[in-house]
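First the structure, in the form of structure tokens, and then the observations on it.
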Amino acid sequence: MEQLPTALLQSIIAKVSASDCARAACVARFWNQTVSQDALWEPHCRRDFPTIQKLDPLDRPCSTWKETYQSWKTSRLFQRSKLCWDSIRSWARDNFKEVSNSLAPGATLEELAETEATLKCRFPPAARLLYRLCNGQRIPENVLDDDQVEDHYVGLIGGYNFSHHFVNVHLLSLRQMLNLTSRILPSPCRNRRVIIAASSNLNKFIFLDCEDGNVYVGTRNLLLDGEMMACVPEQDGASDEESQDGMLRWLEHYAHCLQVGMFSVRTEEGSRSISLYPETEPYCNTAVTRGVQVRCSGVFVPELSRVEELEDSYWFSYSVRMCLLNPSSNDSNALTSCQLSERHWVIRANDSVVAQVHGRAVIGLYPLLRIGEEEFVYESCTGLSAKKGSLDGDFTFVPGRYHRLYEVQSWRKSWSNLGRTR
């Protein structure tokens, strides 16, 4: 190999990976000198990292391409950012191809600089890296204004649907960030906070604070006085490189929730979307009685809430899923069909009972459950005066079918709607 012409040898080495180059450097002095030539490291930088200049992950200049490669390779902030996006992309490929196809390539340094110049702000290092790896979602321009567009449902950050309140949050590209921030936020706020995610019908907004690096969500008073709530707790003891990493920690937590199955894809009225009602314990409670399975979970609704602790300051939506399981061979008490008759809720705020609800049906429906059929799902909401609360209770089912239901409740729902799934 040492007898080969230098140009040919460099051409061969340029085709191997950076790891193989590093291994070759340990074999002999000749190889160490050969692979240390700076020109060989430029293609490695371009191939392995989102950079085409001699800049480290924090956009500081490097003297050589080899130094540039080492700075990216050893950057914990970049490693976390890449792992986060790899996790989200792999989940989307396996579970929600429409979302996977909507994820855009990374933004260029020029696109970042143009956005920052227009908004008169400087994004935190973690946010810049996240956008260099993925420039949000590719969303048609009319999605954020037209509820009838199919892409209305493919928000990466997901949402919920209850009592005519629909939320499905998209992660915005830099261009969409610029447009929405200019439309929604007053001028004095734009040099600090920018909109990074928004519901397709513009009823929920998530912001990045470019000064402290944290992520915030708008409350019901957002348009009145700019009120927001923090989405990520403050972190102490972070390194200089990893300070102001709120957006990264926010996305890391969300990626983890997707990977462990806490959030899942749900089909509703013919459209698929990511549901933020938790599906796993301890955030989803499950009870089974005589084969009737009921699963319940809740989600905080910040866009209907406010920071000041007054009556109904904090709104929560809850999801109830019920079905009839296949009975085991030794369960003689299992039902083969049943119909919901009544419900009883106990609502607590700060461990104190604030209300009890006794009523017939749920949202005007008396679902009929049969073995093997899909879950009956319904969502509703409740307001509390405290951040901490709970809702528990019980359902009463009638074995078989509630025969006189049509005569008594025909004014509520047609017979064809009984037992339907939302």
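If you read the sequence from its start, that first residue is 1, and numbering goes on from there. What you see below is based on every heavy atom in this structure, not just the backbone, and it leaves out hydrogens, waters and symmetry mates.
- In this structure, the side chains of Tyr160 and Val169 stay at 4.5 Å or more apart for every pair of heavy atoms.
- The only option from Arg175, Gln176, His170 that meets the side-chain hydrogen bond (donor to acceptor under 3.5 Å, both in side chains) definition with Ser173 turns out to be Gln176.
- Under the 4.0 Å criterion applied to side-chain N and carboxylate O atoms, Glu279 and Arg321 are assigned as salt-bridge partners.
- The aromatic rings of Phe300 and Tyr314 lie tilted to each other, with the angle between the two planes from 30° to 60°.
- Considering OG1 of Thr382 and CZ of Phe316, their distance stands at 9.5 Å, rounded to 0.5 Å.
- The minimum heavy-atom distance linking Leu304 with Trp315 is given by the pair O-CD1, 3.2 Å.
- Here Arg370 pairs with Glu373 in a salt bridge; the nearest charged N to carboxylate O distance falls below 4.0 Å.
- Using a 4.0 Å cut-off between charged nitrogen and carboxylate oxygen, Arg266 and Glu379 count as a salt-bridge pair.
- The SG atom of Cys231 sits 11.5 Å away from atom CG of Asp209, with the distance rounded to the nearest 0.5 Å.
- Aromatic ring pairs are classed by plane angle as parallel below 30°, tilted from 30° to 60° and perpendicular above 60°; the pair His344 and His358 is parallel.
- The number of heavy-atom neighbours closer than 6.0 Å to NE2 of His256, taken from other residues, nucleotides and ligands shown, is 12 or below.
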Open item on the list: With side chain to side chain donor-acceptor pair (under 3.5 Å) as the criterion, how do Asn201 and Ser199 come out once you've worked through the C-alpha distance, each side chain's angles and the decisive distance to 0.1 Å?
Closed with: CA-CA 5 Å; Asn201 52 4; Ser199 184; 2.8 Å; yes
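- For Glu114, the CD atom is loosely surrounded, since the number of other residues' heavy atoms within 6.0 Å does not exceed 12.
- Within the 4.5 Å cutoff, the side chain of Val167 has no heavy atoms near those of the Val301 side chain.
- Under a cut-off of 6.0 angstrom, the local environment of CD in Gln356 is crowded, with over 12 non-hydrogen atoms contributed by other residues, nucleotides or ligands.
- Between Arg295 and Glu375 there is a salt bridge, since at least one side-chain N of the basic residue sits less than 4.0 Å from a carboxylate O of the acidic one.
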Task: Working for salt bridge (Lys or Arg N to Asp or Glu O under 4.0 Å), residues Arg343 and Asp394 - done: CA-CA 6 Å; Arg343 73 186 189 281; Asp394 55 80; over 6 Å; no
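- Shown are Glu303, Glu227, Glu308; of these, the side chain to side chain contact (heavy atoms under 4.5 Å, CB included) with Thr219 is made only by Glu227.
- Between the CD1 atom of Ile196 and the CD1 atom of Ile157 there is a distance of 8.0 Å, given to the nearest 0.5 Å.
- Contact annotation: the side chain of Pro57 approaches that of Leu129 to within less than 4.5 Å [non-hydrogen atoms, C-beta and beyond].
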- [ ] Walk me through it: do Gln79 and Leu77 pass the test side-chain contact (heavy atoms from CB on, under 4.5 Å)?
- [x] CA-CA 5 Å; Gln79 292 170 359; Leu77 192 63; over 6 Å; no
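- For the pair Ile206 and Tyr216, the minimum side-chain heavy-atom distance is 4.5 Å or more.
- Using a 4.0 Å cut-off between charged nitrogen and carboxylate oxygen, Arg132 and Asp59 count as a salt-bridge pair.
- Between Arg128 atom CZ and Met247 atom CE the span is 12.5 Å, to the nearest 0.5 Å.
- Arg360 forms no cation-pi arrangement with Tyr366, by the criterion of a distance under 6.0 Å to the ring centre and an angle within 45° of the ring axis.
- The distance between the ring centers of Tyr318 and Trp345 falls below 6.0 angstrom.
- For the pair Gln53 and Thr68, the tightest heavy-atom approach, listed with the atom from each and the gap, is O-CG2, 3.9 Å.
- No salt bridge links Asp48 with Lys73; every basic N to acidic carboxylate O contact stays at or beyond 4.0 Å.
- Ring geometry, Trp72 versus Phe49: the interplanar angle falls under 30°, so the pair is classed parallel (tilted spans 30 to 60°).
- Between atom CD of residue Glu67 and atom SG of residue Cys45 there is a gap of 10.5 Å, rounded to the nearest 0.5 Å.
- By the 6.0 Å and 45° rule, Arg272 stacks over the aromatic ring of Phe96.
- We find that Lys66 and Asp38 are not joined by a salt bridge, their nearest charged nitrogen and carboxylate oxygen being 4.0 Å or further apart.
- No hydrogens or angles considered: a donor-acceptor pair under 3.5 Å links the side chains of Tyr277 and Ser317.
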